[in-house]
Amino acid sequence: MKKIFSTNFCLAFKKQMAKNRAKAGDLWIIMAKPRASENTPPRELLEKLFRTAYAIRVFETEGIKLYRQGLIRGYFHPYLGQEGIATGVCAALRKGDFIASTHRGHGHCIAWGADIKRMVAELLQKETGYCRGYGGSMHIADITTGNLGANGIVGAGTPLGVGAALAAQVRGSDAVTVTFTTDGATNNGTFLESLNLAAIWNLNFILVIENNQYAVSTPIGESTRETDLFKRGAAIGVESHLVDGNDPLAVYNLTEESARKCRAGQGPILIEARTFRHMGHHVNDPGKYMPEDKLAYYKQRDPVDRARNNFVDLGHASAADVSTIERSVEKEFADAVEFSKGSREVSVDEFRAFAAVY
Amino acid sequence: MIDVTLVDAGRLAVQQEMRRDPRVWVLGEDVARGGLWGQYRGFLEEFGAERIVSTPISESTIMGAGLGAALVGTRPIIEMRIFDFVMCAMDELVNQIAKIRYMFGGQARPAVVVRMPHGMWRNSAAQHSQMLESWFVHLPGVIVVAPSCAADEAGLMVSAIRSDDPVLFFDPKDLWLAADRMPAGEIQPIPFGKARRLHEGGDLTIVTWSAIVPKVMEAVTLLAAQGVHADVLDLRTLWPWDEAAVLASVKKTKRLLVVHEAVEVGGFGGEIVARVIDQLGTAHVKVARRLGAPRLPIPFSPPLENQIRVTTEKIVAAAMKAARE
């Protein structure tokens with residue numbers, strides 16, 4: 001087998017981490033700078049990364065307002081602070097690929113290119129939503145475009161992704177499947193089972209652990225002795241990487257390379273993207289267990305700001321360019337709310353007829 | 001007619017459908033080597049390793065991967081080896097497979113067959129003998145199939161594979177190797193929700209399914225010798241189930257006995273009894289009763305297993321009581 005354990009990037013990261021541990025008493029990890037790319041990334045890519053990250057930010061911020069107004073009911077797990085991961089990963093995939101998401105799935109759907117109107121409509125239980133208002137926040141899916149859905153069960157997207165990847169292999173397609181999973185899910189049996197199956201079958205499968213360092217309120221250090229989660233891949237012969245999840249460009253570069261390796265028959269690949277939530281587990285969790293200084297640290301390394309800065313610094317975008325994108329994204333959300341408010345809800349009779357077929 | 005076992009019947013059905021539809025494939029433990037029972041013998045040679053996929057012992061991922069593969073347009077048969085192992089894949093079955101079509105607003109219909117040979121067989125002990133089919137009848141979102149003869153095994157398997165919705169297929173382990181006969185030639189699909197009448201009579205209705213059916217038929221012969229003539233319905237599918245056939249029969253006999261191998265308490269027999277009384281009213285039903293196993297783990301010990309097993313004698317006694325009361 002042709003599996004490599006870690007890249008130079010990983011080693012550099014580790015060195016920096018060790019240095020930081022010595023200095024700061026291991027409170028948290030200083031994120032490594034992205035690899036110096038030989039070529040400046042194309043402006044279109046930087047623009048896309050910024051637009052996507054900002055769209056997720058707006059969706060979650062405005063969505064929480066709708067929730068507070070009582071318009072959105074049920075669970076709502078904001079992706080705030082983690083935008084860099086979905087943004088970078090999805091930008092590196094192409095049409096015909098697949099993703100499987102988590103309970104914190106809005107960002108994945110948006111980065112995958114979902115229609116904001118249909119997403120908002122779904123959260124507002126409207127018939128025009130992706131799932132006709134039957135699924136809600138935790139179950140947005142768009143099967144026709146290869147989004148196998150957000151999922152209310154931690155760890156459940158991993159077997160689904162392996163199945164999609166296996167089906168692609170059976171059909172002789174070079175499609176890549178990415179499952180987004182969580183640090184909490186790495187202690188669920190499906191993590192090892194699925195990654196192992198993907199490995200023995202050499203599937204075009206990338207498992208992205210979004211390590212936000214908390215499983216609801218339990219810090220990762222209480223759940224496992226080895227908090228470098230990417231190391232688990234090595235034990236079963238899977239090429240594994242660690243990346244700064246708050247850096248959309250670094251995530252993009254790593255995913256792009258990983259997808260290319262998969263299509264060349266070198267999959268699967270495990271990626272740990274380290275990040276931090278900007279708030280509690282869901283909208284009604286104040287997240288008091290999250291240390292303030294650590295939160296402040298990650299907020300200083302905000303993924304949306306970084307996407308914006310990259311767009312400006314590397315893409316030579318003007319303030320007006322940035323503003324145009326921001327206004328357009330904000331308008332898209334506002335239009336989506338209006339669209340949804342004008343949509344109807346399915347009736348109880350329709351529900352019974354639809355859901356009770358068998 | 002051809003001479004077959006139920007294993008042969010299932011194999012012929014899966015083989016026919018895999019020849020017909022290239023989207024159909026199988027995954028599960030040891031399946032590429034023919035399966036534990038030989039139910040996939042010869043498949044590797046005919047269909048290649050890509051359509052008969054052996055897996056590690058990873059039930060959650062087998063089930064979840066089957067669903068993932070179904071969501072992107074293939075039609076997997078998910079082999080659980082024996083029913084009891086599905087408990088390791090319960091999230092994927094209950095929270096995923098049974099929910100996806102509804103939860104995603106009908107965007108995807110998971111066309112999976114989950115194959116789970118169930119029931120007592122050669123003193124297999126508490127973790128290899130269970131019949132918990134009633135759990136799944138209680139679960140919205142799945143079709144529940146439990147055949148008892150070769151022709152039904154084959155015809156229902158064809159329907160299961162062609163179904164766009166998930167089918168839980170309970171092969172009867174205890175009957176799998178029994179000699180049986182089925183029609184030669186192309187296997188025709190048997191529709192879900194149609195009971196099979198095994199015996200006609202006016203004294204009482206016996207409703208039954210799966211591995212206990214041959215014992216019920218032995219009992220029916222003994223009952224006839226004593227002048228009690230039973231109307232016997234093999235439900236074949238538990239969801240949907242043939243309520244109309246059961247009601248029509250009980251309307252005639254006014255006496256109902258449901259016989260199943262599973263534990264009586266909370267078994268599907270209770271639901272049938274309740275529906276019949278609901279629909280016909282107490283004035284038209286003189287007796288409505290169940291016969292199942294006591295609520296005990298299934299023992300390994302042959303004498304103990306025989307104690308809790310529903311036997312021909314127990315069926316005769318229960319039926320006589322129901323008919324004469």
Side-chain angles (χ1 to χ4, degrees), chain A residues 98 100 122 127 129-136 138-144 146-149 151-173 175 177 179 188-198 200-201 203 346 351 354-358, chain B residues 22-23 25 27 48-51 53-76 78 88-89 91-92 94-110 112 140-144 163-167 192-193 237 239-240:
Chain A
F98 300 100
E122 185 59 36
E127 200 254 349
Y130 270 106
C131 308
R132 302 170 64 195
Y134 292 129
M138 276 194 294
H139 305 299
I140 295 178
D142 187 11
I143 303 293
T144 51
N147 176 356
L148 304 182
N151 208 305
I153 306 293
V154 166
T158 321
L160 290 188
V162 165
L166 179 60
Q169 189 185 64
V170 167
R171 290 163 161 174
S173 141
T177 302
T179 288
N188 183 285
T190 54
F191 176 81
L192 176 73
E193 282 192 13
S194 300
L195 197 56
N196 183 57
L197 258 76
I200 59 172
W201 295 335
L203 297 183
V346 296
F351 157 68
F354 164 71
V357 171
Y358 56 90
Chain B
R23 297 170 301 170
W25 61 292
L27 82 163
E50 280 170 349
R51 293 181 68 197
V53 178
S54 279
T55 65
I57 298 178
S58 303
E59 285 83 4
S60 304
T61 294
I62 296 166
M63 190 73 79
L67 173 59
L71 289 181
V72 302
T74 71
R75 304 176 77 88
I78 302 168
C88 302
D91 173 65
E92 286 67 24
V94 176
N95 283 327
Q96 311 298 331
I97 286 176
K99 302 292 188 290
I100 289 282
R101 180 180 156 213
Y102 160 69
M103 217 163 55
F104 291 171
Q107 290 182 54
R109 299 178 73 170
V112 299
V142 293
I143 292 161
V144 181
S163 166
D164 288 330
D165 291 316
V167 177
F192 300 136
T237 66
W239 198 270

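Keep in mind that this is a model prediction, so the values were computed, not measured. Naming convention: chains lettered A, B, ... in sequence-line order (proteins, then strands); numbering from 1 in each chain. What you see below is based on every heavy atom in this structure, not just the backbone, and it leaves out hydrogens, waters and symmetry mates.
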Problem - Side chain proximity check, A:E193 to A:P159, heavy atoms < 4.5 angstrom - result: no
Exercise for the section: Tell me, out of B:Q107, B:M63, B:R23, B:E59, who's got the most heavy-atom pairs with chain A below 4.5 Å. Expected result: B:Q107
Handout entry: A:Y134-A:F354 aromatic ring centre distance below 6.0 Å
Key = yes
Completion exercise
Most heavy-atom pairs under 4.5 Å with chain B, out of A:G161, A:S194, A:G189, A:G135, belong to A:S194
Handout entry: Any donor-acceptor N or O pair under 3.5 Å, side chains A:T190, A:N188
Key = yes
Problem - A:E122 side chain to A:G133 backbone, donor-acceptor under 3.5 Å - result: yes
Exercise for the section: Report yes if the side chains of B:F104 and A:I140 come closer than 4.5 Å at any heavy-atom pair, otherwise no. Expected result: no
Handout entry: Engaged part of A:D142 at the chain B interface, taking heavy atoms whose separation is under 4.5 Å
Key = both
Problem - For chain A, the option from B:I57, B:L27, B:T74, B:I62 that forms the most heavy-atom pairs under 4.5 Å - result: B:T74
Handout entry: Under 3.5 Å: donor-acceptor pair, side chain of B:K99, backbone of B:G141
Key = no
Exercise for the section: Could you have a look at B:V72, B:D91, B:T61 and say which one has the most heavy-atom pairs with chain A under 4.5 angstrom? Expected result: B:T61
Handout entry: Interchain contact, A:L197 with chain B, by part (heavy-atom threshold 4.5 Å)
Key = side chain
Practice task
Could you tell me which portion of B:S54 (side chain, backbone, both or neither) has an atom closer than 4.5 angstrom to a non-hydrogen atom of chain A?
Solution key: backbone
Exercise for the section: Could you tell me whether B:D164 and B:R101 make a salt bridge, using a distance below 4.0 angstrom between a side-chain N and a carboxylate O? Expected result: no
Fill in the blank from the handout: Cut-off 4.5 Å, heavy atoms of chain B, and the answer for A:L148 is both
Fill in the blank from the handout: Assert top hit (heavy-atom pairs under 4.5 Å, partner chain B, pool A:A167, A:A164, A:G136) equals A:A164
